[in-house]
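A short worksheet on the structure shown next.
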Amino acid sequence: MLSGDIPPNQTIYIKNLNEKIKKDELKRSLYCLFSQYGRILDIIALKTPKLRGQAWVCFSEVTAASNAVRQMQNFPFYEKPMRIQYAKTKSDCIAKEEGSFVPREKKKKQEEKAEKKKYADESKQSAVPNGGTHGASNGGSTASFRPGSGAQEAAAPNNILFIENLPYETTGRMLEMLFEQYPGFKEVRLIEAKPGIAFVDFEDDGQSSMAMQALQGFKITPQNPMIINFAKK
DNA sequence: AGCACA
């Protein structure tokens, strides 16, 4: 089950993804999960018959991709273990950064319409899809994940979550209602001495990860998007 | 299983 003979690449190819997850949510969750390994330049996910259940995550460094391939191999993500390899070819977003990007024209796809050479380069900038639409998500919820902001390396997977940026009036019951809907939930622990933060315990780190993805950026008040990370060990 | 850039 070695990752095969594919040489290292800044982009990782992920398969065995849960095909029921909507594209935007999938991208957002992948971003949450993989941004701990480095800066993500782009995430590609298509729902076409040939490409559903797969995604490409483009990192700014090969080393980030390598760590992701090793450490997230078989990670349970939406109930399914991720199968991760290096991508076979260079992503367009990487080629663009290097200045070597040439709009594709060969290959079997001949049906490309006349394309203007003057592409607006900014046409696809954000790797962070906006607007999580699933149950718990409220409004835009990508608050803590702008590349280039704090960029503190996230902690390694842990069954305990560390929650920050809560409004001071948050109660344990409020957090329970949010987190108990996810499997494996055990308990919420508020830190009285430190308002605005909390710990939430799950049975294992796969389950804590699912809750983190689902509730990342959830706003108890409009100005308080939750910041969720794995607790440090 | 399936390697694209909607």
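Chain A is the first sequence line, chain B the second, and so forth, proteins listed ahead of strands; every chain is numbered from 1.
- Straight-line distance from the CG atom of L17(A) to the P atom of dA4(B): 16 Å, rounded to whole Å.
- L46(A) comes within 4.0 angstrom of a nucleotide base, judged by non-hydrogen atoms across all strands.
- With rounding to whole Å, K96(A) atom NZ is found 16 Å from dA4(B) atom P.
- Nearer to the 5' terminus of DNA chain B, by closest-nucleotide assignment, is the contact made by P49(A) (compared with the other of D92(A) and P49(A)).
- The salt bridge (charged side-chain N to carboxylate O under 4.0 Å, His left out) search around K90(A) returns E98(A), not counting sequence neighbours.
- For N9(A) and dA4(B), the CG to P distance is 13 Å, given to the nearest whole Å.
- Between K50(A) atom NZ and dC5(B) atom C1' the separation is 16 Å, expressed in whole Å.
- Using a 4.0 Å heavy-atom criterion, one finds that K90(A) contacts the bases of the nucleic acid, with or without backbone contacts as well.
- Taking atom CD of residue Q85(A) and atom P of nucleotide dA4(B), one finds them 13 Å apart after rounding to whole Å.
- Set against dC3(B), dC5(B), dA6(B), the side chain of T48(A) has dA6(B) as its closest nucleotide.
- Out of dA4(B), dA1(B), dC3(B), the shortest distance to the side chain of T11(A) is found at dA4(B).
- R83(A) has its CZ atom 16 Å from the P atom of dC3(B), to the nearest Å.
- Atom P of nucleotide dC5(B) and atom CG of L51(A) are separated by 7 Å, given to the nearest angstrom.
- Nearest to the side-chain atoms of I6(A) among the listed nucleotides dC5(B), dG2(B), dC3(B) stands dC3(B).
- Surrounding CD of E203(A) are more than 12 heavy atoms belonging to other residues, nucleotides or ligands, all under 6.0 Å away.
- Taking atom CD1 of I14(A) as the reference point, atom P of dC3(B) lies 15 Å away to the nearest angstrom.
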Tell me which donor-acceptor pairs under 3.5 Å the side chains of residues 170-179 of chain A have, and how far apart each pair is, sequence neighbours excluded?
unit_1, atom_1, unit_2, atom_2, d
T170(A), OG1, P167(A), O, 2.6
T171(A), OG1, M174(A), N, 3.1
R173(A), NH1, E176(A), OE1, 2.8

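- Between Y37(A) and F59(A), the ring centre distance reaches or exceeds 6.0 Å.
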Yes or no on salt bridge (Lys or Arg N to Asp or Glu O under 4.0 Å) for E25(A) and K23(A), after CA distance, side-chain angles and deciding distance?
CA-CA 6 Å; E25(A) 179 184 343; K23(A) 193 172 62 177; over 6 Å; no

